[in-house]
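Sequence positions, counted from 1, serve as the residue numbers for this chain.
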Amino acid sequence: MANHVLRHTEAEPYTSHYAIHCGEEFYVMILLLNLALGLTLKRSREDLTFKKTNAFFMVYNYSDKKKGVDLWVYNNLYKGSDVKQKNNTLFENDFKGFFLLPEISSVDYILKFSGDEVIFTPFLSKINSIKEVISVYRIPKNKLKSKENLMKPIIFYGTSI
């Protein structure tokens, strides 16, 4: 039995990406967003992982099927450590940073919104009113070179023909 992996990499309709600059930890940022927006962003069951770097990125999601709104918040930076042997007796930690979207490495968090922009406009003004948030702005689609990192692969299991 063969496994078939299909990746959906075409642009998603009605999807916008926003950059959030905030010095707070990710869980604090999620709490602030939940309080300000009146939402219940919940952590996804699976983190985004990449085999080449062994990096993983936390993802929080909110979905309202009645309004046709989906909201994702991603941590843009993963700080991992590689343990290297030094002088055969001591160990030294070498911290490496991996970015989910390396083309916007200065951004702390990425907010992905799918739905009607009219619904999101009040959310944006509420996010701007959070005192811990330094800035929020829309990321132009042409600037996102690795936006496929924000799309999860769709996996189908079956037999090959």
CA sep, side-chain torsions, deciding dist, call: K112, L71, side-chain contact (heavy atoms from CB on, under 4.5 Å): CA-CA 6 Å; K112 178 178 163 185; L71 188 73; over 6 Å; no
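In terms of heavy-atom proximity, A36 sits nearest to K126 at O-CD, 3.5 Å. The two atoms that bring R43 and M58 nearest to each other are NH2-CG, 3.2 Å, heavy atoms only. The shortest heavy-atom contact between F57 and L77 is CE2-C, 3.8 Å. Contact detail for Y60 and L41: the closest heavy-atom pair is CD2-O, 4.0 Å. Taking every heavy atom of both residues into account, Y78 and A55 meet most closely at CD2-CB, 3.4 Å.
One N or O on the side chain of T121 and one on the backbone of E117 form a donor-acceptor pair closer than 3.5 Å. Of the possible polar contacts, none joining the N61 side chain to the K42 backbone as a donor-acceptor pair under 3.5 Å is found. A donor-acceptor pair under 3.5 Å is formed between the side chain of H21 and the backbone N or O of S106. Distance alone, capped at 3.5 Å, is enough to place a donor-acceptor pair between the Y109 side chain and the F26 backbone. Without hydrogens or angle criteria, D108 side chain to C22 main chain gives a donor-acceptor distance under 3.5 Å.
No continuous path of ILVMFWY side-chain contacts below 4.5 Å connects V28 to I134, so the two sit in separate hydrophobic clusters. L39 is connected to V136 through a chain of hydrophobic side-chain contacts under 4.5 Å among Ile, Leu, Val, Met, Phe, Trp and Tyr, so both are in one cluster. Hydrophobic clustering (ILVMFWY, side-chain heavy atoms < 4.5 Å, transitive): V133 and F113 are in one cluster. Follow the hydrophobic side-chain contacts under 4.5 Å out from V73 and you reach Y18 in the same cluster. Taking hydrophobic clusters as Ile, Leu, Val, Met, Phe, Trp and Tyr residues chained together by side-chain heavy-atom distances below 4.5 Å, I30 shares a cluster with I127.
If you take OH on Y137 and OG on S135, they are separated by 6.0 Å, rounding to the nearest 0.5 Å. Rounding to the nearest 0.5 Å places CD of E24 at 9.0 Å from CE of M29. In this structure, the separation between OH on Y62 and OG1 on T40 is 6.0 Å, given to the nearest 0.5 Å.
The side-chain heavy atoms of L48 and Y74, taken from C-beta on, include a pair separated by under 4.5 Å. No side-chain heavy atom of V107 sits under 4.5 Å from any side-chain heavy atom of F99. Here the side chains of S16 and R138 are in contact, with some heavy-atom distance below 4.5 Å. Taking 4.5 Å as the limit, every side-chain heavy atom of E103 sits out of range of all side-chain heavy atoms of S105. Taking the side chain as every heavy atom from C-beta outward, D70 and K65 approach each other to under 4.5 Å. Under the 4.5 Å side-chain criterion, counting only non-hydrogen atoms from C-beta, F56 is not in contact with L100. Counting heavy atoms from C-beta outward, L111 and F120 have side chains that approach closer than 4.5 Å. Annotation: side chain of L33 is in contact with side chain of I130 (closest heavy-atom distance under 4.5 Å).
Other members of the hydrophobic cluster containing L35, listed by chain and number, are L31; membership follows side-chain contacts under 4.5 Å among ILVMFWY residues, whether direct or relayed.
Put simply, the residue from I20, I104, V59 that forms a side-chain contact (heavy atoms from CB on, under 4.5 Å) with I110 is I104.
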